[in-house]
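Lettering follows sequence order; numbering is per chain, from 1.
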2 protein chains.
Amino acid sequence: MAGRPREFDRDQALEKARDAFWTRGYEGTSMADLVSVLGLASPRIYAAFGSKEDLFREAVALYEANEGGFATRALAEEPTARRVIERMLREAVETYTRPGRPQGCMVVSAATNCAVENDSVLHWLAEHRLARTASIVERLKQGVRDGELKPDTDAEALGDYYATLMHGLSVQARDGVPKERLHALITVAMQSLDARLVQGF
Amino acid sequence: MAGRPREFDRDQALEKARDAFWTRGYEGTSMADLVSVLGLASPRIYAAFGSKEDLFREAVALYEANEGGFATRALAEEPTARRVIERMLREAVETYTRPGRPQGCMVVSAATNCAVENDSVLHWLAEHRLARTASIVERLKQGVRDGELKPDTDAEALGDYYATLMHGLSVQARDGVPKERLHALITVAMQSLDARLVQGF
DNA sequence: ATGATTCTTTATCGATCGATCAAGAATTGA
DNA sequence: TCAATTCTTGATCGATCGATAAAGAATCAT
């Protein structure tokens, strides 16, 4: 209550920070970079977001609520495990290779090599990846219970397999492998699931 | 020549540097860290290796000549594409999860999020990854020419697929997914190749 | 109008970054 | 023996790191 109103758009600044962190990672983006990208003096950034780490965590949350939320959306919206997996992988490729946008997955690449003092950030992102892996495994187990997948399916192995592939897609996308090749590789990968499908489900 | 002889073992120092960079990455390992890990004052490190970047490149070369050389070795030593791929993936898992050793792949994780001034290091590692992908694709194309794989096999897609999976394995290993689960996932992935195999080859 | 509050601006903080200078110690070749 | 060369040691370089102090400007509540 009271006080001088903020002159800049906080949400817009957060989007710029997300793109910077997505492109360069947590440690690869310095406060000087953020000052330049956001067009804001550092005390304004600290007043609005707390610290560089707080800003990063908000930026990741924004990423996951939008571009990075394809897995969650596929899990929520697709009726079968088969459709969840394919949509997730296809949208991952689209997100990771969008022209004029940061390449790859922010959760995979923003904090893989960190100094000791930023281990908390590194572990936080690792937990996100593990949670995503677990949710995929759970969905495949559900597919077995539903009768969509053959009863002897190793759902954990299959889920680990698709999660691993998705994390690899991020690396390949950042290395500049074109999206057509990534889609072709997904076509190969979908055969593992198709082989476990119960006919006529 | 002449001059005072070096008092420390350069090769041994390089191994320690490789492990430090493997664990923490290029930027995540500071000169102060290296001074501590190698037990050498910084002027001695600079005298022996030139610069931090030179030391890193030597460390990566050492990694690739030993622990990280499983792909090259599998390509050189295994008689069939099928055996190359499986050995490569299995040895990747063993290397990435060895107890008491740095986890994951140094080439994948040591420089994914870098500041602008270290882009050269980042691109150098990316080229290594792309070269590895290309060598896998080439081996699968050879498998098609040999008659080991069905003539209509998309060798590029299949090679991209296994390269992507291997890069994902590095992420999973660093996240602490146990090696048994990674091996189980490879068993799933091998089915894509087995489905393309010509019977009785 | 005025006090309280919040934001903006300018300058700068101590710590750490990668890297090096200068002096002394130890070796080689002549 | 001694000049030339290389390594080791201790101190420290300028630049950059994330973060903040202090003061002026702009708003709200009364």
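For A:R129 (side chain) and A:V107 (main-chain N/O), a donor-acceptor pair under 3.5 Å exists by modelled atom type. Using modelled atom types, no side-chain atom of B:E148 and backbone atom of B:V198 make a donor-acceptor pair closer than 3.5 Å.
At a threshold of 4.0 angstrom between heavy atoms, the contacts of B:P43 include nucleobase atoms, whether or not backbone atoms are also involved. Residue A:R44 is classed as a base contact, given a heavy-atom separation below 4.0 Å to a base. If you check every strand for non-hydrogen atoms under 4.0 Å, A:A32 touches sugar and phosphate atoms only.
Nucleotide D:dT8 holds its P atom 11 Å from the CD1 atom of B:I45, rounded to whole Å. Atom CD of B:E27 and atom C1' of C:dG18 are 12 Å apart (whole Å). Between B:F8 atom CZ and C:dA25 atom P the separation is 20 Å, expressed in whole Å. Atom pair B:L55:CG and C:dA19:C1' shows a separation of 14 Å (rounding to whole Å applied). Note: CD (A:E7) to C1' (D:dA25) measures 9 Å, nearest angstrom. In this structure, CG of B:L34 is placed 10 Å from P of C:dC17, rounded to the nearest angstrom. To the nearest angstrom, P of D:dT6 lies 15 Å from CZ of B:R10. In this structure, B:F49 places its CZ atom 16 Å from P of C:dG18, rounding to the nearest Å.
Relative to the side chain of A:S42, the nucleotides D:dG18, C:dA19, C:dA11 differ in distance, and C:dA11 lies closest. The B:R6 side chain lies nearest to D:dC7 when the options are D:dC7, D:dA19, C:dT8.
Among the candidates B:V137, B:L165, B:I136, the single residue satisfying the side-chain contact (heavy atoms from CB on, under 4.5 Å) test with B:D160 is B:V137.
Between A:R87 and A:E91 a salt bridge is recorded (basic side-chain N to carboxylate O distance below 4.0 Å). Between A:D119 and B:R24, at least one side-chain nitrogen of the basic residue sits less than 4.0 Å from a carboxylate oxygen of the acidic one, meeting the salt-bridge criterion.
Ranked by how close their nearest DNA chain C nucleotide is to the 5' end, B:P5 and B:Y46 are led by B:Y46. For the pair A:R4 and A:E117, both in contact range of DNA chain C, the more 5′-proximal nearest nucleotide belongs to A:R4.
Taking side-chain N and O atoms only, B:S30 has a distance below 4.0 Å to OP1 or OP2 of C:dC17.
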